[in-house]
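Proteins come first, then strands; the chains are lettered A, B, ... in the order of their sequence lines, and each starts at number 1. For the numbers below, each heavy atom of this structure counts, side chains included, while hydrogens, waters and symmetry mates do not.
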There are 2 protein chains.
Amino acid sequence: MEKKLTIRDIAKLSGVSASTVSRVLDDSDRISAETKKSVLEVVNQYGYKPQAAARNLARQKTSAIGIIIPQNDMNIYSSSFFQEALHGVSNSLSQNGYDVLISSGNPTELDAIKRLISTSRIDGIILLRSVVNDASIQYLTESKFPFVLIGTCLENPDVYSVDNDNQRAAYDIAYHMYMTGKRKMAIIGGTKSSVFIQKRLEGYEKLLVEKGLPINQDYIKLENASEDYGYQSMLELLKSPSRPDSVLVMDDSICVGVMKAINESGVKIPEEIAVACFNESSFTKYSRPALTTISLNFYDLGYCAAKTLLSVLNNEPIQKGCRYVDHLLTIRESTVSN
Amino acid sequence: MEKKLTIRDIAKLSGVSASTVSRVLDDSDRISAETKKSVLEVVNQYGYKPQAAARNLARQKTSAIGIIIPQNDMNIYSSSFFQEALHGVSNSLSQNGYDVLISSGNPTELDAIKRLISTSRIDGIILLRSVVNDASIQYLTESKFPFVLIGTCLENPDVYSVDNDNQRAAYDIAYHMYMTGKRKMAIIGGTKSSVFIQKRLEGYEKLLVEKGLPINQDYIKLENASEDYGYQSMLELLKSPSRPDSVLVMDDSICVGVMKAINESGVKIPEEIAVACFNESSFTKYSRPALTTISLNFYDLGYCAAKTLLSVLNNEPIQKGCRYVDHLLTIRESTVSN
DNA sequence: CTGAAAGCGCTTACAG
DNA sequence: CTGAAAGCGCTTACAG
């Protein structure tokens, strides 16, 4: 590694002051075209780049935002969520000269957040998840630290957030089931402590109410998000005297268990029972029959959250509350016979 | 957000100089116990933490390391690899006051690396993957920038790296197949351009050679890592006049396709064909029959890579080359009938 | 449009 | 064991 050039070296080499070099790099308009040109030549020739730490110290900002790695044992998200959302965040932010700082939630997410903030490492935070009465959200809101949530905050509708319209998505899929003649819909997987599960439940119930169908608590299996829970719940439903004629599953991995139960029982899809689930994966595409899915674009979620956070950090006037990112309903054999 | 306290504020409050506060925080031994105690009291009372940017600038290091998000379209890794490895890296590093900076490989991994280095944002890098003749590795080696590879570098055995012993793992599983009486083993999934696939192929061939078995090129299906490729390849093998009696699959997701092909054909597992694969997942555990697997601990890989990088950054004398992290062979019904 | 100077908040030889 | 001073490499009022 050769010795790093400083802004003073560049100033000397181009025959101007450091202030001028700084202004050129900042693309200030108060610089003559000629000076700008000649300085940039030197800058490019030597490949000079300002040191981030010095710049950040002088500007009194970090130009970095923080993200806490979600604990996977909660099994709440599709496996690719984190990587894709992070990708979206990173792409959006790096275009604007921001860094993304990762931390594991150690011992809790809130501790990690406090650490990042107290050592002045970040200007803002993107939360990848939330629970009901989320401690991190409360802390960030009270301390007025800039953040954007991927998800929806029930307690405070003013929180900047980006989410899929989970209520709408569940409604859409239930509506589709209804249109294919199904009247006894079950819903399986995930726990009500997750906000997005609550929202989906609302969408599901909304359709039932609109169509004058009863809400049958036995059809609502929302205690756990494991594949095995999907298997066991479906088994129960299949044995029940009033077997449902359709089922909406909260995640593709849970649906693996659901499909196994149905296949073992010999019940026909979609004639006797229609199946649809959230989150596209190789399983949903290659399953026999192929599965009708709602796919969520995690990359977009991350990208949009980062854009929103940038607006907040730049004090741009933006609307409070939640922004929605589109979902996609893909209809396949598991709900429509051909 | 209240006004941040600086080291001078703390100095004033505790009646010492800023230098002394700095030394106390650094736990220098050249400080009297009393001074240390009284300063720490003030520090804790006010919750003072040094600002990272100022400290980094003064120390002339960034206390951050970089990681580039792998492009998932290569489908090279198990889906949880990135998140788990990152978790390991982050835990190991944050214990030592380091930050983890994430960047997407935009437009290429090498570009992202150069950007991070040229703006002096990081002290070192952890590479999450490599290909044969990896451009990033070449660049980092030539510029003598500290880095650790998760994986194995074929071209330069001196590169610091952390990996599973893929050769040994494949050998182990082939040995297990051999001991259960299998003599015609196939190997499916992944591409030879991946170093770890090459290593596994070596282990597989090593066992065959040791046991005096022929190496049949028709049994080696290493062109692609998709589930569908697994399905198609297995279909071919099943139709072949000399059908293999065992198959080793490079990933659990590829194995979904392999299992589908076998199940459709009605061939019996493990009596007629034994199946084993890399990477544990809900699929391998709940599949019927349950699958024998080699599981790799991605968290450990990340944790160990970070530890190694820290040693490099601290100029500790460490051995060049690759460190291995244990793998685990879990034997289930797909290779041993009960 | 440009420069000299002060400052961002730390650390660390140097001197005592 | 402790402090005053210089310095890390930038930015940005201020003055011209």
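Toward the 5′ end of DNA chain D lies the nearest nucleotide of R8(B), the other residue of the pair R8(B) and P50(A) mapping further downstream.
Atom pair L57(B):CG and dT12(C):P shows a separation of 12 Å (rounding to whole Å applied). Per the geometry, CD1 belonging to I10(A) stands 17 Å off P belonging to dT2(C), to the nearest Å. Atom NZ of K61(B) is separated from atom P of dG9(C) by 22 Å (rounded to the nearest Å). Between the CG atom of N56(A) and the P atom of dC10(C) there is a distance of 15 Å, given to the nearest Å. As a whole-Å value, the separation of K4(A) NZ from dG7(D) C1' is 19 Å. With rounding to whole Å, Q51(A) atom CD is found 11 Å from dT11(D) atom P. Between the P atom of dA13(D) and the CG atom of D26(A) lies a distance of 11 Å, rounded to the nearest Å. The CZ atom of R59(B) sits 20 Å away from the P atom of dC8(C) (whole-angstrom rounding).
Between L310(A) and L93(A) the shortest side-chain heavy-atom distance falls below 4.5 Å.
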Please list every donor-acceptor pair under 3.5 Å in which a side-chain atom of residues 148-156 of chain B meets a protein atom from a residue at least two apart or in another chain.
| unit_1 | atom_1 | unit_2 | atom_2 | d |
| --- | --- | --- | --- | --- |
| T152(B) | OG1 | D163(B) | OD2 | 2.6 |
| E155(B) | OE2 | N133(B) | N | 2.6 |
| N156(B) | OD1 | D158(B) | N | 2.9 |

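Remark: D165(B) CG to D326(B) CG distance equals 9.5 Å, nearest 0.5 Å. Between N314(B) atom CG and N96(B) atom CG the span is 8.0 Å, to the nearest 0.5 Å.
T35(B) comes within 4.0 angstrom of the backbone, heavy atoms only, and of no base.
Phosphate proximity of dG3(C) to S17(A): present, with a side-chain N or O under 4.0 Å from OP1 or OP2. Between S32(A) and dT2(C) there is a side-chain polar atom (N or O) within less than 4.0 angstrom of OP1 or OP2. The shortest distance between the side-chain N/O atoms of T20(A) and the OP1/OP2 oxygens of dC1(C) is not below 4.0 Å. Contact check, Y48(B) against dG9(C): no side-chain N or O comes under 4.0 Å of OP1 or OP2. Residue Q60(A) has a polar side-chain atom (N or O) positioned under 4.0 Å from OP1 or OP2 of dG9(C). Distances shorter than 4.0 Å separate some side-chain N or O of S22(A) from OP1 or OP2 on dT11(D).
In DNA chain D, consecutive stretches of 3 or more Watson-Crick or G-U wobble pairs with both distances under 3.5 Å are given as paired ranges: C:1-3 with D:14-16, C:5-12 with D:5-12, C:14-16 with D:1-3.
The salt bridge (Lys or Arg N to Asp or Glu O under 4.0 Å) test applied to D99(A) returns R121(B), not counting sequence neighbours.
Neither side chain, S22(A) nor S19(A), offers a donor N or O lying under 3.5 Å from an acceptor on the other.
Taking the six-membered ring where the residue is Trp, H87(A) and Y299(A) present tilted rings, their angle falling between 30° and 60°.
Remark: R59(B) does not engage D123(B) in a salt bridge, criterion side-chain N to carboxylate O under 4.0 Å.
Scanning atom types as modelled, no donor and acceptor separated by under 3.5 angstrom connect the side chain of S19(A) and the base of dT11(D). Within 3.5 Å, a donor on the side chain of R23(B) pairs with an acceptor on the base of dG3(D), or the reverse.
Separation of the C1' atoms belonging to dT12(C) and dG16(C) is 16 Å when rounded to the nearest angstrom.
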